[in-house]
Amino acid sequence: MADTRRKAQSSKVAQPVPVEFRQLFVQHGWERVNHLFGKRASVRYFTVLGGDRLRAERDAYKDERKSKPAGRYSSLAPISVQASSQGAGA
């Protein structure tokens, strides 16, 4: 005789995707969001927001970061030092 009972549905309401998840994922990747939200929740949020789109945004962000020079003073123009014969005891 087959068991005709149905498994009870969960009454737990799924939490909405946090507003900052997209930005954190794009800027920091899986390691950071897994640490902050937990792996299970992160995978669910990733799926809800569209994994392909988030992956493309992260790749674009990483490419943009690679094209910019790194460092504290990277926006400053390099100073060229030229040997000058003037003012050296002339």
Side-chain angles (χ1 to χ4, degrees):
M1 184 166 169
D3 189 9
T4 58
R5 290 180 291 169
R6 295 179 58 165
K7 184 177 177 181
Q9 296 247 333
S10 174
S11 61
K12 183 177 179 183
V13 177
Q15 295 292 320
V17 178
V19 177
E20 65 274 5
F21 180 83
R22 171 180 269 119
Q23 179 183 5
L24 287 170
F25 180 81
V26 169
Q27 292 179 354
H28 301 286
W30 278 111
E31 188 173 340
R32 180 73 172 183
V33 296
N34 284 344
H35 177 72
L36 293 172
F37 302 106
K39 184 172 183 174
R40 233 174 142 171
S42 295
V43 170
R44 187 171 61 82
Y45 300 155
F46 182 78
T47 305
V48 168
L49 292 174
D52 294 335
R53 184 175 59 191
L54 284 176
R55 206 174 287 118
E57 287 179 24
R58 173 119 174 99
D59 290 343
Y61 176 79
K62 289 191 311 186
D63 290 343
E64 180 184 325
R65 295 268 303 175
K66 282 181 186 177
S67 67
K68 291 183 180 178
R72 185 173 180 181
Y73 301 106
S74 60
S75 62
L76 300 176
I79 299 172
S80 60
V81 180
Q82 297 178 356
S84 172
S85 60
Q86 302 172 2

>> Quick one, V26 with Q23, criterion side-chain contact (heavy atoms from CB on, under 4.5 Å). Give me CA distance, side-chain angles, the key distance, then yes/no.
In response: CA-CA 5 Å; V26 169; Q23 179 183 5; 5.9 Å; no
> Can you tell me if NE2 on H35 sees more than 12 non-hydrogen neighbours from other groups inside 6.0 Å?
Replying inline: no
> Listed by chain and number, what are the side-chain contact (heavy atoms from CB on, under 4.5 Å) partners of E20, not counting sequence neighbours?
Replying inline: P18, L24, F37
> Who pairs with E64 by salt bridge (charged side-chain N to carboxylate O under 4.0 Å, His left out), at least two apart in sequence or on another chain?
Replying inline: K68
Hey, can you pull the donor-acceptor pairs under 3.5 Å for the side chains in residues 38-57, sequence neighbours left out?
unit_1: S42; atom_1: OG; unit_2: V33; atom_2: O; d: 3.0
unit_1: S42; atom_1: OG; unit_2: N34; atom_2: OD1; d: 3.4
unit_1: S42; atom_1: OG; unit_2: G38; atom_2: O; d: 2.8
unit_1: R44; atom_1: NH1; unit_2: Q15; atom_2: O; d: 3.2
unit_1: R44; atom_1: NH2; unit_2: Q15; atom_2: O; d: 3.2
unit_1: T47; atom_1: OG1; unit_2: V43; atom_2: O; d: 2.8
unit_1: D52; atom_1: OD1; unit_2: R55; atom_2: NH1; d: 3.2
unit_1: R53; atom_1: NH2; unit_2: L49; atom_2: O; d: 2.6

> Tell me, which pairs form a salt bridge (Lys or Arg N to Asp or Glu O under 4.0 Å) where one or both residues lie in residues 25-34, sequence neighbours left out?
Replying inline: none
